[in-house]
Each structure stands twice: as structure tokens, then as C-alpha cells.
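To find a chain, count down the sequence lines: A is the first, B the second, and so on, and within it residues start at 1.
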2 protein chains.
Amino acid sequence: MARDLRMSRMLHVLIHMDRHLGRATSEQIAQMISTNAVVVRRMMAGLRERGIVTSEKGHGGGWQLACPLARISLRDVYEAVGHPPLFNIGPQADSSSCLVEQAVDARLDATLSEAEARLLAQFSTITVEEVAQDFERRFAESGHSVPFQWHGSTDE
Amino acid sequence: MARDLRMSRMLHVLIHMDRHLGRATSEQIAQMISTNAVVVRRMMAGLRERGIVTSEKGHGGGWQLACPLARISLRDVYEAVGHPPLFNIGPQADSSSCLVEQAVDARLDATLSEAEARLLAQFSTITVEEVAQDFERRFAESGHSVPFQWHGSTDE
DNA sequence: TCATATGTATCATTAAGAGTTACGTGATTC
DNA sequence: GAATCACGTAACTCTTAATGATACATATGA
């Protein structure tokens, strides 16, 4: 597909879980982000491995936040979803015996690596709590009485 | 496919054209970068529109550099190949009515836009001539007598 | 006039993310 | 202790964008 949506989607989910869901099943989360429960489990499994959420099976089970949003950075979420490749451009993965190509690839790799390091550093400075507060500002400015677009179900 | 190789490939081609090919047909270039002549024409068409190369049909035709490498920046090449999306991550293209998702998307978009601006600025500071000189340093250090891995044909 | 080379439309191939189905396992409820 | 619920995961298919390939038109030079 176009690009990797996992980081964006997981941020969305984490804020909903903190601000109004509490515990949620994969099925509920899937409806929230318009996808399939299996896709949700795949992504959430990465968050669990990083200690961001916990999961429980059986009746009353589901997913739950394991720490406050203020202690989760965008970098944490990026790593949790498997640190997908950041860039859509760059040289071919396998190197060539052509010295010109080697020089081009080295320059591009160096430039992209530097940009990647800067972007990841930036991700480290932003907490999910900050983004949640962005949302609350938007809500306050919207003048609506219900802070969420209810995703599929109205019971909570 | 994995990622967009056009910028890397065109840099490779430009340096070869400047340093030892002079004029080259799409077929020769295709062999150089291990692809098809039509793919080459597609990419080179963008360079021509930006005034980086010229093309001529018929006998003795082909592609030729239109300006010195010192006057072509990596940014120019990036734009010439159609400024493909830089990032492989990010929010979904279409926006949602969910305020949480909007906040997440806005934050990610802002962060990525900033990173994109920085990377493009960096591309602007690097000329293709500099990369060609990188190559010449590599050649000098390699101790080889022939500066190129000859791509497919040995006649020139 | 014919061979050469670009210009371009159209389709096939490929790789990676995303979506889906099926089935297993553990936990809770009755 | 059987049924139900929910996660865990393997093994697919689907979709998208880049790339590769084929066919044919057009322009140029010998």
C-alpha cells in the first residue's frame, strides 16, 4: 500500500485508550481505526513487547495501557511497531562494484542517515501525552459536546 | 517495490555521462544501471524538462549533459525525477472526522514536513560535482587503472 | 528509404503493507 | 466442565506504487 500507517494508527489508539476507553478488545480497536482485529493484534503485540500496553485473554480481556502517555514518546511507538523504513527514496539495498555507484550510494546513505537520526531525535522529544493535549485543544475549539467521533459503537 | 531508486540512478548516470560517456543512448544507459531503455527515457525526460540534459533523435542521437555537474544539486535531481514522496511512514492521506486522529495526523505531518524541509535544504547544498569528486577519491584510493566498472559494453 | 533513437501508451511484474480466514490457546462464566 | 470470549499466529489474498517489458509512432541522419 501507499505507506506505513502503523505509527499513526497506534498513536490514535493509545490516546483513545487513555482518554476514554480504558480497556479495549482488538475488535473494538479495529472498528476505531477501520481495520481488522488481526491487524490490530499484530500492531499491539509490538507495543506490548515494549511495555506500553498489556493484554489479557478470555472474558473481560483485551488491551490496556501499561504506563501514562507522558512516558511514551513518538520514538517509542515508532520502535514498537517495528521501526519500519523511514524513507521512500534511496539507493538500492545491494551494493555494486561500480565505484561511481558506490560514491553515489555512500553520499545518499550518509545524507539520509543524518536526516533519520534527526527525525528520530525529534520523535524522542514528543510524548503521546502532548499529542493528546493537542486533541483536547482541538476539542475545546470545536465547541462540540462529545469529544470523540464514536467509532462504530456507542456503548461504553 | 521496495523504494524509489530514481534519484540514486540518475545521479549515477549523470556522473558517468560527465566523466566518460559524453553522449549516451537510452540503451547504453539502461545497461549501465541494469534496467530497460523505456525506464531510462521516463527518468531522463524529467531531467530534460529541468534543463539538466538534452535529447536528440535519430542517428548519432541520445542524451547529453546540458550543464556542468557543479551547477546541479541533489535537490535538482530529486525534483527532476518527479519529487517522489520522501517518507515511508505517516498518516493516511485522507483526513478523518475523529478529532483524535486529526490531532495525531497534524503532529505527524508537521514533524515530517519539518524533516522534509531540512532534508531538501541539505540536498540543495550538495552538487553532483561533489559526488563525482567523491568517486574520484575512491578511485584514487582503489589503485585500479580503470576508473569504471564497464557497464555491459567495452567499446567507447 | 531505411536504420536509428527518442516519445509514449499499455500492460506485466514485484515487493511490502494491509486485509482476511482459520485454527489454536488461555481465561472467565454459567 | 462446557461454552464463550479474546488473544496468538500461521498462511493466505488484496492493494498500491515502483519498475520492467512490449508495441508502435515520430523524427533524424546516412
Side-chain angles (χ1 to χ4, degrees), chain A residues 1-10 12-13 17 21-49 53-64 66 78 81-94 153, chain B residues 1-10 12-13 21-49 53-64 66 78 81-94:
Chain A
M1 199 168 264
R3 48 181 184 175
D4 196 308
L5 306 175
R6 285 176 284 182
M7 185 177 168
S8 164
R9 284 173 153 179
M10 285 299 94
H12 184 182
V13 168
M17 288 181 71
L21 276 180
R23 178 169 299 195
T25 68
S26 303
E27 198 56 60
Q28 291 174 312
I29 294 171
Q31 291 186 357
M32 177 194 308
I33 59 177
S34 301
T35 182
N36 185 285
V38 176
V39 175
V40 170
R41 290 192 194 108
R42 275 204 293 247
M43 295 190 286
M44 298 293 282
L47 301 197
R48 185 187 50 222
E49 284 165 19
V53 298
T54 57
S55 66
E56 282 180 72
K57 293 180 172 182
H59 273 281
W63 302 90
Q64 202 160 14
Y78 168 74
V81 296
H83 49 271
L86 278 183
F87 295 107
N88 186 47
I89 67 167
Q92 222 153 8
D94 55 324
S153 71
Chain B
M1 201 169 263
R3 49 181 184 175
D4 197 307
L5 306 175
R6 286 176 284 183
M7 184 177 170
S8 165
R9 283 174 154 179
M10 286 299 94
H12 183 182
V13 168
L21 277 181
R23 179 168 298 194
T25 67
S26 302
E27 198 57 59
Q28 291 174 313
I29 294 172
Q31 290 185 0
M32 176 195 307
I33 60 177
S34 302
T35 181
N36 184 284
V38 176
V39 174
V40 170
R41 291 192 194 108
R42 275 203 292 246
M43 294 190 286
M44 298 293 282
L47 301 198
R48 185 187 51 223
E49 285 166 17
V53 298
T54 57
S55 66
E56 281 180 71
K57 294 181 172 182
H59 273 282
W63 302 89
Q64 202 161 15
Y78 168 73
V81 297
H83 49 270
L86 278 181
F87 295 106
N88 186 46
I89 66 166
Q92 221 152 9
D94 55 324

Short N/O separations, protein against nucleotides 3-9 of chain D, under 3.5 angstrom:
{"unit_1": "D:dT4", "atom_1": "O2", "unit_2": "A:His59", "atom_2": "NE2", "d": "3.4"}
{"unit_1": "D:dC5", "atom_1": "O4'", "unit_2": "A:His59", "atom_2": "NE2", "d": "3.4"}
{"unit_1": "D:dA6", "atom_1": "O4'", "unit_2": "A:Gly58", "atom_2": "O", "d": "3.4"}
{"unit_1": "D:dC7", "atom_1": "OP1", "unit_2": "A:Ser26", "atom_2": "N", "d": "2.9"}
{"unit_1": "D:dC7", "atom_1": "OP1", "unit_2": "A:Ser26", "atom_2": "OG", "d": "3.3"}
{"unit_1": "D:dC7", "atom_1": "OP1", "unit_2": "A:Trp63", "atom_2": "NE1", "d": "3.2"}
{"unit_1": "D:dC7", "atom_1": "OP2", "unit_2": "A:Ser26", "atom_2": "N", "d": "3.3"}
{"unit_1": "D:dC7", "atom_1": "OP2", "unit_2": "A:Ser26", "atom_2": "OG", "d": "3.0"}
{"unit_1": "D:dC7", "atom_1": "OP2", "unit_2": "A:Arg41", "atom_2": "NH2", "d": "3.4"}
{"unit_1": "D:dG8", "atom_1": "OP1", "unit_2": "A:Arg48", "atom_2": "NH1", "d": "2.3"}
{"unit_1": "D:dG8", "atom_1": "OP1", "unit_2": "A:Ser55", "atom_2": "OG", "d": "3.3"}
{"unit_1": "D:dG8", "atom_1": "OP2", "unit_2": "A:Arg48", "atom_2": "NH1", "d": "2.9"}

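For B:Arg3 and C:dA15, the shortest distance from a side-chain N or O to OP1 or OP2 is not below 4.0 Å.
Scanning for ring pair (Phe, Tyr, Trp, His ring centres under 6.0 Å) contacts around A:Phe87 gives B:Phe87, with sequence neighbours left out. B:Ser26 meets the side chain to side chain contact (heavy atoms under 4.5 Å, CB included) test with B:Ala37, B:Val40, B:Arg41, B:Trp63; sequence neighbours excluded. The side chain to side chain donor-acceptor pair (under 3.5 Å) check on B:His83 picks up B:Glu79, with sequence neighbours excluded. Partners of B:Arg6 under the side chain to side chain donor-acceptor pair (under 3.5 Å) rule, at least two apart in sequence or in another chain, are B:Asp4. A search for side chain to side chain donor-acceptor pair (under 3.5 Å) contacts involving B:Gln64 returns B:Arg23, not counting sequence neighbours.
To the nearest angstrom, P of C:dG17 lies 15 Å from CD of B:Gln92. One interatomic measurement links the two molecules: CZ of A:Arg6 to P of C:dG19, which rounds to 11 Å at whole-angstrom precision. Taking atom CG of B:Asp4 as the reference point, atom P of D:dA17 lies 12 Å away to the nearest angstrom. Here the C1' atom of nucleotide C:dT4 and the CD1 atom of B:Ile29 are 15 Å apart, to the nearest Å. Between A:Met43 atom CE and C:dA16 atom C1' the separation is 15 Å, expressed in whole Å. Counting to the nearest Å, the P atom of D:dA18 and the CD1 atom of A:Ile89 are 12 Å from each other. Distance B:Leu5 CG to C:dT14 P: 16 Å, rounded to the nearest Å. We find that CZ of B:Arg23 is positioned 13 Å from P of D:dT28, with the value rounded to whole Å.
In this structure the side chain of A:Arg9 never reaches within 4.5 angstrom of the side chain of A:Val81, judged on heavy atoms.
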